[in-house]
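Working notes for the structure below.
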Amino acid sequence: MSNWIDRLIINPFARSFARLSDRLIWLSGHPVFGVMAIVFIAFSTRLWNLDGTADIVFDEVYYPKFAQNYLHGETLFDAHPPLGKYIIALGIQLLGYAPLGYRCMTALAGAILPLVIYEFIWQLSDRRDWAWLTGCFVALDGLLLVESRYGLINTYILLFGMLSQLCMVLALKRSRQRWFWTLVTGLMLGASFSVKWTGLAYIIGLIAIAAYIWSSHRQKLSLPQIIIGLIILPIAFYFLQWIPHLMLNPERDIWELHRQIFGFHQNLGVGKTEPIHPYCSPWWSWVLLIRPIAYFFETRPNSMVEFVHAMGNPILYWLSAIALLVCLTFLIASRLRFPPQFIAQMHPKKRSQLFWFMFYVTSSFAAHWLPWSLSKRCIFLYHYMPASVFAFAALSFLVSLAWRSPLANIRAIGSGVFVSIAIAFLFWLPIYIGLPISSSYLPVLMWLRSWI
């Protein structure tokens, strides 16, 4: 009887899932339909009903107002460099000082980001499946989605930072255009830390890329290209972008302004017996998604609520944490004098390639995450955004390896990971984009007490 039930229920399900797995693997390798899938997810979720939530959400109390100050020539003090507000000001100039105006540029940046990351991973590795999975995971993350839908500036750090990584690969792979792409790399790096200083961490990724390309292709930048393109140009861009701000605020010179900004960040919440904000969270908790941030909450008639929760995709976060541990273990094991047998039996070229890809994602992750351990100020989950992209890349790399396995069961496990992440995204989508939901349904979405 049990065998008959197995054939009737389990086997058809297994065959259906195997077909789904094969279609996902095919999609990941298709340069047109695969990219179209990422475009659909990213643009539809970032641009839909941008002005449907309240006029002011979370830090929109600051950044759109600062952008408006620049347009009106009014003085202001901001604790971050001005580039992100200049970009928001462009949207306001085009569409007016309204939610759509000060959210449109950030939404566009957030929609483009998965495509930039797709192209970067593809150019770096020539692995279209890894590139597609990483682009999809970035598009399916809740925190990146929420931050993209409002007049906030963190998304610009990621966009410019990942563009710097992409341009660095192009500079090293295209010798005839090396100067051009080196200069663009420097501009994108400068733009990233011209939004927030945390963009400086992308320097570690540039170094890792240069080491990998030299190891595998014996290509490198010349000393003048490094000095001019990657040192002088980013610094020059950073200081030049301050000129409009200083013209509006002549009471402080550039050095006094930086002393005040540094002091603000150094002392924010220090010495307080209670957290200055209910959603402050320690740096180590971000990888486990322990304390998200409530950006907006409003009760509606008929026991409905509208809730915007800046929370990552839980399944994606937790699996990415495991993937990082796997990558770190591989890196350590591969450098042992007597590595495990499965590593020792690898072809040297494949082993070297795996090492460098895992080294890149883990070192970049560490560069964006570990410095926060030194911070004594109030910090938030959104500070984890740049690091999270590399955690997702670690997971997508392991899934891509599973998809390349000759064993159907291993490929199915990889597809199961992808499907579970997609389902989780749909499950929590209402609180990512602020869809009205029943107040009785909200506890179903709050799996941990610390999420509330």
Side-chain angles (χ1 to χ4, degrees), residues 46-113 143-161 163 187-188 190-199 237-254 256-258 260-262 264-265 268 277 293 295-296 308 310 380 382-383 385-386 433-434:
R46 271 71 178 172
L47 300 179
W48 178 82
N49 199 28
L50 272 183
D51 55 354
T53 312
D55 289 351
I56 300 296
V57 172
F58 197 61
D59 278 349
E60 284 186 329
V61 70
Y62 302 115
Y63 301 130
K65 179 64 167 62
F66 294 157
Q68 183 80 326
N69 288 347
Y70 287 125
L71 291 174
H72 289 173
E74 300 170 353
T75 60
L76 71 145
F77 173 78
D78 182 15
H80 300 291
L83 182 60
K85 279 72 67 177
Y86 294 163
I87 299 172
I88 293 175
L90 178 60
I92 294 174
Q93 185 69 20
L94 294 172
L95 300 175
Y97 189 76
L100 187 61
Y102 50 73
R103 292 172 184 169
C104 64
M105 298 302 293
T106 312
L108 184 61
I112 294 172
L113 179 63
L143 180 59
L144 297 179
L145 169 58
V146 172
E147 280 278 329
S148 298
R149 288 178 51 82
Y150 299 100
L152 309 173
I153 62 175
N154 294 304
T155 302
Y156 300 124
I157 307 172
L158 277 72
L159 179 62
F160 293 131
L163 280 170
L187 285 175
M188 293 299 101
S192 184
F193 65 79
S194 293
V195 177
K196 284 186 178 181
W197 293 341
T198 51
F237 182 93
Y238 176 79
F239 284 104
L240 287 173
Q241 55 113 25
W242 279 101
I243 291 176
H245 180 94
L246 293 171
M247 292 175 65
L248 294 177
N249 302 271
E251 68 279 2
R252 302 183 188 93
D253 64 26
I254 187 71
E256 174 61 25
L257 184 59
H258 278 71
Q260 291 188 10
I261 292 174
F262 183 77
F264 172 87
H265 290 294
L268 183 64
H277 195 284
I293 314 164
Y295 274 14
F296 179 76
V308 177
F380 299 91
Y382 60 70
H383 290 120
M385 288 169 56
I433 61 177

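These numbers were taken from a predicted model, which means no experiment stands behind them.
A distance of 4.5 Å separates CZ of F66 from CG of D78, quoted to the nearest 0.5 Å. Taken to the nearest 0.5 Å, the CD atom of E251 stands 9.5 Å off from the CG atom of L246. Interatomic distance, I153 CD1 to I87 CD1, rounded to the nearest 0.5 Å: 9.5 Å. Taken from CE in M385 to CG in L113, the straight-line distance is 8.0 Å, to the nearest 0.5 Å. How far CG of L90 is from NZ of K85: 15.0 Å, rounded to the nearest 0.5 Å.
Proximity of F160 to L187: side-chain heavy atoms (C-beta onward) are nowhere separated by under 4.5 Å. Here the side chains of F237 and L240 are not in contact, with every heavy-atom distance at 4.5 Å or above. Contact check for L144 versus Y382: no side-chain heavy atoms found under the 4.5 Å cut-off. In this structure, Y102 and K65 have side chains that are not in contact, with every pair of non-hydrogen atoms separated by 4.5 Å or more. Counting heavy atoms from C-beta outward, Y238 and W197 have side chains that approach closer than 4.5 Å.
Taking each heavy atom of I56 and R103 in turn, the nearest pair found is N-NH2, 4.2 Å. For S194 against P81, the heavy-atom pair with the smallest separation is O-CB, 2.9 Å. The two residues S148 and G110 make their nearest non-hydrogen contact at OG-CA, 3.3 Å. Considering every non-hydrogen atom in both I92 and Q68, the closest pair reads CG2-OE1, 3.5 Å. Among all heavy-atom pairs drawn from G151 and Y63, the shortest one is O-CB, 3.5 Å. Between L158 and P386 the shortest heavy-atom distance is CD1-CG, 3.7 Å.
Applying the side-chain contact (heavy atoms from CB on, under 4.5 Å) criterion to F239, with sequence neighbours excluded, gives I235, I254, W255.
Between the side chain of K196 and the main chain of S192, no donor-acceptor pair closer than 3.5 Å is present. Distance alone, capped at 3.5 Å, is enough to place a donor-acceptor pair between the D253 side chain and the E256 backbone. Q241 contributes a side-chain N or O that, together with a main-chain N or O of L83, makes up a donor-acceptor pair within less than 3.5 Å. Side chain of H80 to main chain of V195: no donor-acceptor pair is present (N/O by atom type, distance under 3.5 Å, no hydrogens or angles). Q260 places no side-chain N or O within 3.5 Å of a backbone atom of L257 that could act as its donor or acceptor partner. Looking at E60, its side chain does come within 3.5 Å of a backbone N or O of V57 through a donor-acceptor pair. T106 places a side-chain N or O within donor-acceptor distance of the main-chain N or O of L152, the cut-off being under 3.5 Å.
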| request: I would like to know whether C104 and L94 meet side-chain contact (heavy atoms from CB on, under 4.5 Å); could you show each step before the answer? | output: CA-CA 10 Å; C104 64; L94 294 172; 6.0 Å; no
* Please report the C-alpha distance between W242 and M247 in whole Å, then the side-chain angles of each, then the deciding distance to 0.1 Å, and finally whether the side-chain contact (heavy atoms from CB on, under 4.5 Å) criterion is met. => CA-CA 9 Å; W242 279 101; M247 292 175 65; over 6 Å; no
side-chain contact (heavy atoms from CB on, under 4.5 Å) evaluation trace for M105 with I88:
CA-CA 6 Å; M105 298 302 293; I88 293 175; 5.7 Å; no
Going through the checks in order, is the side-chain contact (heavy atoms from CB on, under 4.5 Å) test met by T75 and N69? CA-CA 7 Å; T75 60; N69 288 347; over 6 Å; no
Give the table of side-chain donor-acceptor pairs shorter than 3.5 Å for residues 46-55, with sequence neighbours excluded, one pair per line with atom names and distance.
| unit_1 | atom_1 | unit_2 | atom_2 | d |
| --- | --- | --- | --- | --- |
| R46 | NH1 | A139 | O | 2.9 |
| R46 | NH2 | V138 | O | 3.4 |
| T53 | OG1 | Y150 | OH | 3.4 |

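For F58 and F296, the ring centers sit 6.0 Å or farther from each other. Ring to ring, H245 and Y70 are close: their centroids are under 6.0 angstrom apart.
Y97 OH: more than 12 foreign heavy atoms inside a 6.0 Å radius. With a 6.0 Å radius and a threshold of 12 heavy atoms from other residues, nucleotides or ligands, F262 has its CZ atom at or below the threshold.
The aromatic rings of H383 and F380 sit tilted, their planes meeting at an angle between 30° and 60°.
A side chain to side chain contact (heavy atoms under 4.5 Å, CB included) with I112 holds for exactly one of L163, T155, L159; it is L159.
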